[in-house]
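Below, chains carry the letters A, B, ... as their sequence lines are ordered, and counting in each starts from 1.
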Number of protein chains: 2
Amino acid sequence: MAVYVQALEAMLQENMNVVSSEGLAAACNVNSSQIRKDLAYFGEFGVRGVGYYIQDLLAAMREYLGINREWNCALVGVGNLGRALLRHKQLARKGFLIVAAFDCDPFKIGEVVAGHEIFCTRRLKERKQDLGIEIGMIATPPERAQRATNHLIEAGVKGIINFAPAIVHVPDDTVIDYVDFSQNLITLAFQLSSHPSS
Amino acid sequence: MAVYVQALEAMLQENMNVVSSEGLAAACNVNSSQIRKDLAYFGEFGVRGVGYYIQDLLAAMREYLGINREWNCALVGVGNLGRALLRHKQLARKGFLIVAAFDCDPFKIGEVVAGHEIFCTRRLKERKQDLGIEIGMIATPPERAQRATNHLIEAGVKGIINFAPAIVHVPDDTVIDYVDFSQNLITLAFQLSSHPSS
DNA sequence: ATATGTGAAAGTTTTCACAGCA
DNA sequence: TGCTGTGAAAACTTTCACATAT
């Protein structure tokens, strides 16, 4: 679903107005009836004989997905990946603002990266209140991922995205999502090994 | 499937020897018969009444997934994310070695990052031969992702992992895989918006 | 004419339940 | 007794095909 938003944004940038399910399907490499099913799910948005008005469709999808507003995020773990996230303009442009950075390394605490002072992870709770943090991003080494998660949970953060290659456990009322490069590379390696030609 | 490898590696680190489908299921947050089905797929590896021997299982899975060897990778796009990837030790530890870095910005060409000289993207083809590159990693801005892809394809790279938030098109004999942070954040935002409690 | 919305068919994945082996 | 391997059932997803609207 989020893929559609991406494709539609690209189309809008190229001054397109209307798109057919077939057109969007080609851009996303999926089947056209898939698209129609998905889009029909939140109201009859298409115009028969014409297609979908990109502007309206995007607005409806953004609302549906909960990205018609900004989300305040806290970064835990300011290594190379954490720094890359802090400097990543794409995230801010999409409404995901990193408003605080934390690390447990005493040498890093107090350092300023991309305009953000790094705080001790213990101060998460106090700063969560002040800054209205809703999402936590974990970019620690894998062995510290669970501890970072616990700090976030204790602070009352209900949504966590984990960039560390480790499975972490959270209570039922907390949402956890994973981004794991090595995982994706393994998938790729598998595909390359198994189907060498064709 | 790659998740199991991760969980099993963590267990091995904690000096475990044997694991039951139930135990692995708990660690991965999945159903136990799922695990049995998946593991049974490549031979009868479990011992009834006992469980699975982690060492043997890992070896079998690594072979099956094609990660019982090293893969040479080329990075295209040396921005913040690219730098983070170059310095990411986890990837090398898992056998994914970045052996060359490319960028089309004349100011970056010749610079050395984490022991790697940055080359002009045009020289991809020539260096692919020398270094035995099998996987391309795209970490350019989204609008340059397709061009980077084309360079890789022209050089004969058959496996690509795209970190840029853009859909790219490749011929049928080339495998493409996506890693998109904003996509994951959107998913998270959606889950947080729709199920605020429970 | 053209392209959506949708029921019904086909395909895939997940879960259950239990026979069979250590 | 304890845990795997697996057929059969249930749940879910994808695709097709066509009636329906502009």
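Listed by first and then second residue, the side chain to side chain donor-acceptor pair (under 3.5 Å) pairs that reach into residues 75-92 of chain B are B/Arg83-B/Glu111, sequence neighbours excluded. Among residue pairs with one or both ends in residues 13-25 of chain B, those qualifying as side chain to side chain donor-acceptor pair (under 3.5 Å) are B/Ser21-B/Arg36; sequence neighbours excluded. Pairs engaging residues 127-178 of chain A under the ring-ring contact (aromatic ring centres under 6.0 Å, His included) rule: A/Phe163-B/Phe181 [sequence neighbours left out]. For residues 130-146 of chain A, every residue pair satisfying the salt bridge (Lys or Arg N to Asp or Glu O under 4.0 Å) rule, not counting sequence neighbours, is listed here: A/Arg69-A/Glu134.
Going from atom CD of A/Glu44 over to atom C1' of C/dT6 covers 10 Å, rounded to whole Å. Whole-Å rounding puts the B/Asn29 CG to C/dT14 C1' distance at 16 Å. In this structure, the CG atom of B/Leu24 is 14 Å from the C1' atom of D/dC3, given to the nearest Å. Atom CG in A/Leu57 sits about 13 Å away from atom C1' in C/dT4, given to the nearest Å. Rounded to whole Å, the distance from CD1 on B/Ile35 to P on D/dT4 is 10 Å. Rounded to an integer number of Å, the gap from A/Met1 CE to D/dT14 P is 12 Å. In this structure, CG of B/Leu39 is placed 9 Å from P of D/dT4, rounded to the nearest angstrom.
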Would you list the atom pairs, donor with acceptor, under 3.5 Å between side chains in residues 60-68 of chain B and any protein atom, with sequence neighbours excluded?
{"from": "B/Arg62", "atom 1": "NH2", "to": "B/Glu9", "atom 2": "OE2", "distance (Å)": "2.9"}

Can you list, pair by pair, the side-chain donor-acceptor contacts under 3.5 Å of residues 182-189 of chain A, counting residues two or more places apart and other chains?
{"from": "A/Ser182", "atom 1": "OG", "to": "A/Asp180", "atom 2": "OD1", "distance (Å)": "2.8"}
{"from": "A/Gln183", "atom 1": "OE1", "to": "B/Val3", "atom 2": "N", "distance (Å)": "2.8"}
{"from": "A/Gln183", "atom 1": "NE2", "to": "A/Asp180", "atom 2": "OD2", "distance (Å)": "3.0"}
{"from": "A/Asn184", "atom 1": "ND2", "to": "A/Asp180", "atom 2": "O", "distance (Å)": "2.9"}
{"from": "A/Thr187", "atom 1": "OG1", "to": "A/Gln183", "atom 2": "O", "distance (Å)": "3.1"}

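Of the residues in residues 2-16 of chain B, not one places a heavy atom less than 4.0 Å from an atom of DNA chain C.
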Please list each protein N or O that sits under 3.5 Å from an N or O in nucleotides 17-22 of chain C, with the distance.
{"from": "C/dA17", "atom 1": "N6", "to": "B/Arg36", "atom 2": "NH2", "distance (Å)": "3.2"}
{"from": "C/dG20", "atom 1": "N3", "to": "B/Arg48", "atom 2": "NH1", "distance (Å)": "3.3"}

Pull out every protein N or O sitting under 3.5 Å from an N or O of nucleotides 7-9 of chain C, one pair per line with the distance.
{"from": "C/dG7", "atom 1": "O6", "to": "A/Lys37", "atom 2": "NZ", "distance (Å)": "3.2"}

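Of the side-chain N and O atoms in B/Tyr52, none sit less than 4.0 angstrom from OP1 or OP2 of D/dG2. Put simply, B/Tyr41 has no side-chain N or O that comes within less than 4.0 Å of OP1 or OP2 on D/dT4. OP1 or OP2 of C/dT4 lies within a sub-4.0 Å distance of a side-chain N or O belonging to A/Ser21. Put simply, A/Asn31 has a side-chain N or O that comes within less than 4.0 Å of OP1 or OP2 on D/dC16. Proximity of B/Gln34 to the phosphate of C/dT13: no side-chain N or O atom is located under 4.0 Å from OP1 or OP2.
The only option from A/Ile135, A/Ile161, A/Leu85 that meets the side chain to side chain contact (heavy atoms under 4.5 Å, CB included) definition with A/Phe96 turns out to be A/Ile135.
In this structure A/Lys108 satisfies the salt bridge (Lys or Arg N to Asp or Glu O under 4.0 Å) test together with A/Asp103, sequence neighbours excluded. Not counting sequence neighbours, the partners of B/Glu126 by the salt bridge (Lys or Arg N to Asp or Glu O under 4.0 Å) test are B/Arg123. Shown here are the side-chain hydrogen bond (donor to acceptor under 3.5 Å, both in side chains) partners of A/Asn150, two or more places apart in sequence or in another chain: A/Gln146.
The two atoms that bring A/Ala148 and A/Thr140 nearest to each other are CB-CG2, 4.0 Å, heavy atoms only.
If you chain together hydrophobic residues whose side chains sit under 4.5 Å apart, A/Ile118 and A/Val112 never meet in one group.
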